[in-house]
Amino acid sequence: PANDIDSLRRPLIAGSEKVQQQIIPQLAELGNEGLDVLMEFLLKRRENPATWVDGKAYQVLYNSDAPQAKEFLRSCFPEGIVPLKSECGINYNSLQQLLAVQDFQAADRVTIEKMCELSGPTAVQRKWLYFTEVENTSAVDLQTINNLWLVHSEGKFGFSVQREIWLSLGKNWENFWPKIGWKAGNSWTRYPNEFTWDLSAPRGHLPLSNQLRGVRVFASLLSHPAWSKNPE
Ligand code: UYC
């Protein structure tokens, strides 16, 4: 295995994202020595904002039973690899933990709950949002939620991914919904069982926004200044 490890360490550090994506699960198969390389990798990169490649490496360690991995995460990344910034005193740890174990369905529910919390107690009771509430939502908090999704989904899921697709289609909803797997022909994808709760889903499939009350809320979310402003 020592030989395997050396032949994987270099491309993990210097390879393209595609190469890194393939190497991380191979290291996970190699036991403690593989985990050591992943820890070294995360530490080396911690000065830079986390990418989905960091997310992959973190997930291997997070889902490992090895005591050294547990101790490493406890001391170096107790709250994960995405800074859980909030201007509203909201704790995003539950969302980060669900995404770290790739429980996208539960993470989607928590995302809806957190979005309501961000708008205050009346929205929490109502369990859905008005577009005016979305417009006034903190950019910092939206970026935190979005970064968690991006980093833990190979860059596939998140509001900013949905925005990019929506803009690329000239904001045409009838083209956008099928593109992200929310509608096929004339039928809406049914919540929750018809949605795809893993990475085989189309880009932008998650998180969900219920369209039952119209597109205005989702349009406000995708037009929010959080996505055009630099991260704080
Ligand atoms: N649902 O169909 N959705 C619900 C979606 C629609 C409906 C929740 C998404 C179309 C009803 C989430 C799509 C529609 C409820 C989503 C979708 C519809 C419900 C749980 C594809 C009928 C029960 C959170 C666009 C034609 C609740 C929540 C209620 C729930 C998401 C029906 C996350 C992305 C137009 C009846 N749907 N939803 O918001 O409010 O309740 O009655 O979008």
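Both ligands and their constituent atoms are indexed starting at 1 by order of listing.
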A.B. asks: Tell me which protein heavy atom sits closest to atom 34 (C) of ligand 1, plus the residue, atom name and distance to 0.1 Å.
C.D. replies: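 Of the protein heavy atoms, Ser209 O, 3.3 Å lies nearest.
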A.B. asks: For atom 21 (C) of ligand 1, which of the options Trp182, Trp173, Tyr191 provides the nearest non-hydrogen atom?
C.D. replies: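 Result: the heavy atom closest to atom 21 (C) of ligand 1 is in Trp182.
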A.B. asks: Based purely on interatomic distance, does Trp177 place a nitrogen or oxygen under 3.5 Å from a nitrogen or oxygen of ligand 1?
C.D. replies: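 In fact, backbone or side chain, Trp177 has no N or O that close.
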A.B. asks: Nearest 0.5 Å please: distance from the CE atom of Met39 over to the CG atom of Leu73.
C.D. replies: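 So the CE of Met39 and the CG of Leu73 are separated by 8.0 Å.
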A.B. asks: Which heavy atom of the protein is the closest neighbour of atom 43 (O) of ligand 1, given with residue, atom name and distance?
C.D. replies: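 The protein heavy atom lying closest is Gln211 N, 2.9 Å.
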A.B. asks: Given Thr189, Val215, Asn210, Val217, which has its nearest heavy atom closest to atom 6 (C) of ligand 1?
C.D. replies: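 Heavy atom nearest to atom 6 (C) of ligand 1 belongs to Asn210.
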A.B. asks: Among residues two or more places apart or on two chains, list those pairs meeting side-chain hydrogen bond (donor to acceptor under 3.5 Å, both in side chains) that have a residue in residues 120-132.
C.D. replies: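 Of all non-adjacent pairs touching residues 120-132, those that pass side-chain hydrogen bond (donor to acceptor under 3.5 Å, both in side chains) are Arg126-Glu133.
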A.B. asks: Are the side chain of His205 and the backbone of Thr196 linked by a donor-acceptor contact shorter than 3.5 Å?
C.D. replies: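 A pair under 3.5 Å: yes.
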A.B. asks: Counting only non-hydrogen atoms of the protein, does one fall under 4.0 Å from atom 23 (C) of ligand 1?
C.D. replies: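 Neighbour list for atom 23 (C) of ligand 1 is empty of protein heavy atoms (cut-off 4.0 Å).
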A.B. asks: If hydrogens are left out, which of Glu113, Lys127, Arg190, Arg213 has an atom nearest to atom 40 (O) of ligand 1, that is, the closest non-hydrogen atom?
C.D. replies: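 Among Glu113, Lys127, Arg190, Arg213, the closest heavy atom to atom 40 (O) of ligand 1 belongs to Arg213.
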A.B. asks: What part of Pro192, side chain from CB on, backbone N/CA/C/O, both or neither, has a heavy atom under 4.0 Å from ligand 1?
C.D. replies: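 Neither; no heavy atom under 4.0 Å.
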A.B. asks: Among protein heavy atoms, which lies nearest atom 9 (C) of ligand 1, and at what distance?
C.D. replies: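 Looking only at protein heavy atoms, the one closest to atom 9 (C) of ligand 1 is Phe195 CZ, 3.4 Å.
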A.B. asks: Tell me whether the centres of the aromatic rings in Trp182 and Tyr191 are closer together than 6.0 Å.
C.D. replies: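 Trp182 vs Tyr191: aromatic centres not under 6.0 Å.
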A.B. asks: Compute both the distance and the angle, then confirm whether Arg46 meets the cation-pi test with Phe77: under 6.0 Å from the six-membered ring centre, within 45 degrees of the axis.
C.D. replies: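 Yes, Arg46 and Phe77 form such a contact.
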A.B. asks: Provide the number and element of each atom of ligand 1 under 4.0 Å from a heavy atom of Leu212.
C.D. replies: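 Matching atoms, with element in brackets: 6 (C), 7 (C), 11 (C), 14 (C), 18 (C), 29 (C), 32 (C), 36 (C), 38 (N), 40 (O), 42 (O), 43 (O).
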A.B. asks: Just which atoms of ligand 1 are under 4.0 Å from any heavy atom in Ile112?
C.D. replies: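 What qualifies from ligand 1 is 33 (C).
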A.B. asks: For atom 25 (C) of ligand 1, what's the nearest protein heavy-atom neighbour? Residue, atom name and distance, please.
C.D. replies: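 Answer, as residue, atom name and distance: Trp188 CE3, 3.2 Å.
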A.B. asks: How long is the span from the CG atom in Asn146 to the CG atom in Asp141, to the nearest 0.5 Å?
C.D. replies: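 That separation rounds to 12.5 Å.
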A.B. asks: With under 30° as parallel and over 60° as perpendicular, where do the rings of Trp177 and Trp188 fit, or are they tilted in between?
C.D. replies: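 If you compare the ring of Trp177 with that of Trp188, the planes turn out perpendicular.
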A.B. asks: Without hydrogens or angle criteria, can the side chains of Thr51 and Asp54 be said to hold a donor-acceptor pair below 3.5 Å?
C.D. replies: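 Per modelled atom types, Thr51 and Asp54 side chains form a pair under 3.5 Å.
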